[in-house]
Amino acid sequence: QVQLVESGGGLVQAGGSLRLSCSASGLTFSGYVLGWFRQAPGKEREFVASIMGSGFTTMYADSVKGRFTISGDNAKNTVYLQMNSLKPEDTAVYYCSAGSFVSRTYREYDYWGQGTQVTVSS
């Protein structure tokens, strides 16, 4: 069974940094695309970043490009999201996900973590 376990969320001030982690089991990175999505209250879940396990190819939403970095560690079966220069608008529940192909649409991902809250104060 595929399981994704997230950690690293918290409360930071604007301009600060957080590093989210997603530990995966039951899958191999080479066979999946791993993504981060976020959902703020009253808003639809939106794409943040993704990484292709086989070749470490990455993709970012325009709103986070240049500030966030997604990376993977195949040996540890873990994907990370390094978030720098955080803004209040980044406040959301962040979800780790895994799917069979590259997509910016959350409905096309197959597995999900429990979510971790990120709150950025102004």
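Remember, predicted model here, so these are calculated numbers, not experimental data.
- How far CD of E44 is from OG1 of T105: 9.0 Å, rounded to the nearest 0.5 Å.
- Here OG of S122 is found 9.0 Å from CD of Q13. Values are rounded to the nearest 0.5 Å.
- Contact record, L86 with R67: CA-NH1, 3.9 Å, taken as the closest heavy-atom pair.
- For S97 (side chain) and G35 (main-chain N/O), a donor-acceptor pair under 3.5 Å exists by modelled atom type.
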Take V120 and E89 through the test side chain to side chain contact (heavy atoms under 4.5 Å, CB included) and record every step on the way to the result. CA-CA 8 Å; V120 184; E89 63 204 63; over 6 Å; no
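- In this structure, the side chain of Y80 does not engage the main chain of T69 through any donor-acceptor pair within 3.5 Å.
- Residues R38 and L81 fail the side-chain proximity criterion, which asks for heavy atoms closer than 4.5 Å.
- For R104 against F37, the heavy-atom pair with the smallest separation is O-CE2, 3.6 Å.
- Rounded to the nearest 0.5 Å, atoms CG (L4) and OG1 (T78) are 10.5 Å apart.
- Within the 4.5 Å cutoff, the side chain of M83 has no heavy atoms near those of the V12 side chain.
- Looking at every heavy atom in both residues, Q114 comes nearest to V5 through OE1-CA, 3.9 Å.
- Note: Y94 and F68 have tilted aromatic rings, judged against thresholds of 30 and 60 degrees for the angle between ring planes.
- Scanning all heavy atoms of the two residues, the minimum distance from I70 to W36 falls at CD1-CD1, 3.6 Å.
- Under a hydrophobic clustering in which Ile, Leu, Val, Met, Phe, Trp and Tyr are joined whenever their side-chain heavy atoms come within less than 4.5 Å, directly or via other members, V102 and F47 fall into the same cluster.
- In this structure, OG1 in T58 is found 13.0 Å from CG in L34, a value given to the nearest 0.5 Å.
- Across all their heavy atoms, Y109 and A98 have their closest contact at CD2-C, 3.6 Å.
- Between Y106 and Y95, the gap from one ring centroid to the other reaches at least 6.0 Å.
- A heavy-atom distance below 4.5 Å is found between the side chains of W112 and R45.
- The side-chain heavy atoms of V33 and S103, taken from C-beta on, include no pair separated by under 4.5 Å.
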With a cut-off of 3.5 Å and sequence neighbours excluded, list every side-chain donor-acceptor pair involving residues 15-25.
| from | atom 1 | to | atom 2 | distance (Å) |
| --- | --- | --- | --- | --- |
| S17 | OG | N84 | OD1 | 2.9 |

